Amino acid sequence: MDIDAFQSKLNELQSEATRRIRQAESKDEAIKAKNAYLGRDGDIQEMMSIIGELPDEDKPTAGRIANEAKETVKSAYEARLEELEQLQLERQLDEESVDVTLPARTPPARSPHPIAEVESELIDVFTAMGFEVAEGPEIETDFFNFEALNFPEDHPARDMQDTFKTTDDHLLRTHTSPVQIRTMQAYQPPIRIISPGRVYRCDDDLTHSPVFHQIEGLLIDADVTMAQLKGTLRHFAEETFGDETSMRFRPSFFPFTEPSAEVDIGCLFCDGEGCQVCGDTGWLEILGAGMVDPNVLETVGLDPDTYTGFAFGMGIERIVMLKRGIDAIRHFFENDLRFLRQF
Ligand code: PHE
């Protein structure tokens, strides 16, 4: 073979190799094509061994053009690999593409939970009268939940609120009244607070749940009278249940108020005629209230001869049930969307 034949054979192999490489549809195909020419037994590689058979003066030229051919094929291979990668990426983007013209999904309409809603309505009623919102912990000590509120140890009044204990001295608060004590310890009169929050009792039936919500009220100042308590609660009843709502105070007992009262409103369902909801009495009990007991004032270091005050506490669920005609308290805590979506 002379140098011309060598050159034309090499040209032929080079264009064959680059064509095959450019046509490769995958990385594997490209590798195979490259190896067929540049691999150990590849066609171009074999041309290298022929160089030795050429006349001496042609050997350098032959070596140079053989190397050039190898380089050309190698760069064709590298270029194809890059192309294939790019194609692969485009295909992937195509498959995963997002149709930005699709209409957005509308999030479902949201509304506050009926308890949260009524709670904030009640807060509005009382803050408009000058009460401020105060909060306290749900895990309380025996002192704040009972003792400071004048519940003597072993007194049967504690049975009214059979409790969940967490330690010997800690319990899930059974009412929001401990916030009365915490507030009186922290601030000097005049004090006007309401305190909404969760409370816990060992109770579970149609109208009682082991967890429920209360809103507490406390007002301490010089010369506070029971008439002011009545006026405050009357305004609350009218704002909450309507201007025509009637209200009555029944004597009752709470260790931390004296005198104490149970407050009823005229039945909203039968106008006082008597029905199933009011148990034929014509009245609905909605809260407990009274004048702060002097013993409680003394416990927090206030002089009962200087200060008097009133307190009240009501269950929020009960008020929501009455306002919205809900027949069982458990609906509030079951998170059943069929119930919640109605509000
Ligand atoms: N804490 C009482 C209860 O849970 C309600 C109450 C509050 C009564 C304030 C009088 C004064 O039943």
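Note that ligands are numbered from 1 as they come in the structure, with each ligand's atoms numbered from 1 the same way. All values reported here derive from a predicted model rather than from experimental measurement.
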Legend entry - Under 3.5 Å: N/O of H175 near N/O of ligand 1: yes

Legend entry - Ionic contact status for K27 with E85, cut-off 4.0 Å: no

Inset, instruction - With heavy atoms only and a cut-off of under 4.0 Å, state how S260 meets ligand 1: side chain, backbone, both or neither. - result: neither

Legend entry - Min N/O separation S177 to ligand 1 under 3.5 Å: yes

Inset, instruction - Flag the pair R201 and D203 as a salt bridge only when some basic side-chain nitrogen lies within less than 4.0 angstrom of an acidic carboxylate oxygen. - result: no

Legend entry - Ring centres under 6.0 angstrom apart (F236, F131): no

Inset, instruction - Using a strict cut-off of 4.0 Å, indicate which atoms of ligand 1 neighbour a heavy atom of A311. - result: 9 (C), 11 (C)

Inset, instruction - Answer yes when E117 and R324 have at least one side-chain N-carboxylate O distance shorter than 4.0 Å, and no when they do not. - result: yes

Legend entry - Ligand-side contact atoms (ligand 1) for residue partner Q180, heavy atom cut-off under 4.0 Å: 9 (C)

Inset, instruction - Return yes when F310 approaches ligand 1 closer than 4.0 angstrom through a heavy atom, no otherwise. - result: no

Legend entry - Presence of salt bridge, K59 and D56, under 4.0 angstrom: yes

Legend entry - Ring centroid separation Y200 to H175 under 6.0 Å: no

Legend entry - Candidate with minimal heavy-atom separation from atom 3 (C) of ligand 1, of E216, E262, R173, R201: R201

Legend entry - N-O pairing of E140 and R182 below 4.0 Å: yes

Legend entry - For F312, the ligand 1 atoms whose distance to one of its heavy atoms is below 4.0 Å: 7 (C), 9 (C), 11 (C)

Inset, instruction - For ligand 1, note which part of Q214 has a heavy atom under 4.0 Å away: side chain, backbone, both or neither. - result: side chain

Legend entry - Element-labelled atoms of ligand 1 that are located less than 4.0 Å from some non-hydrogen atom of G313: 6 (C), 7 (C), 9 (C)

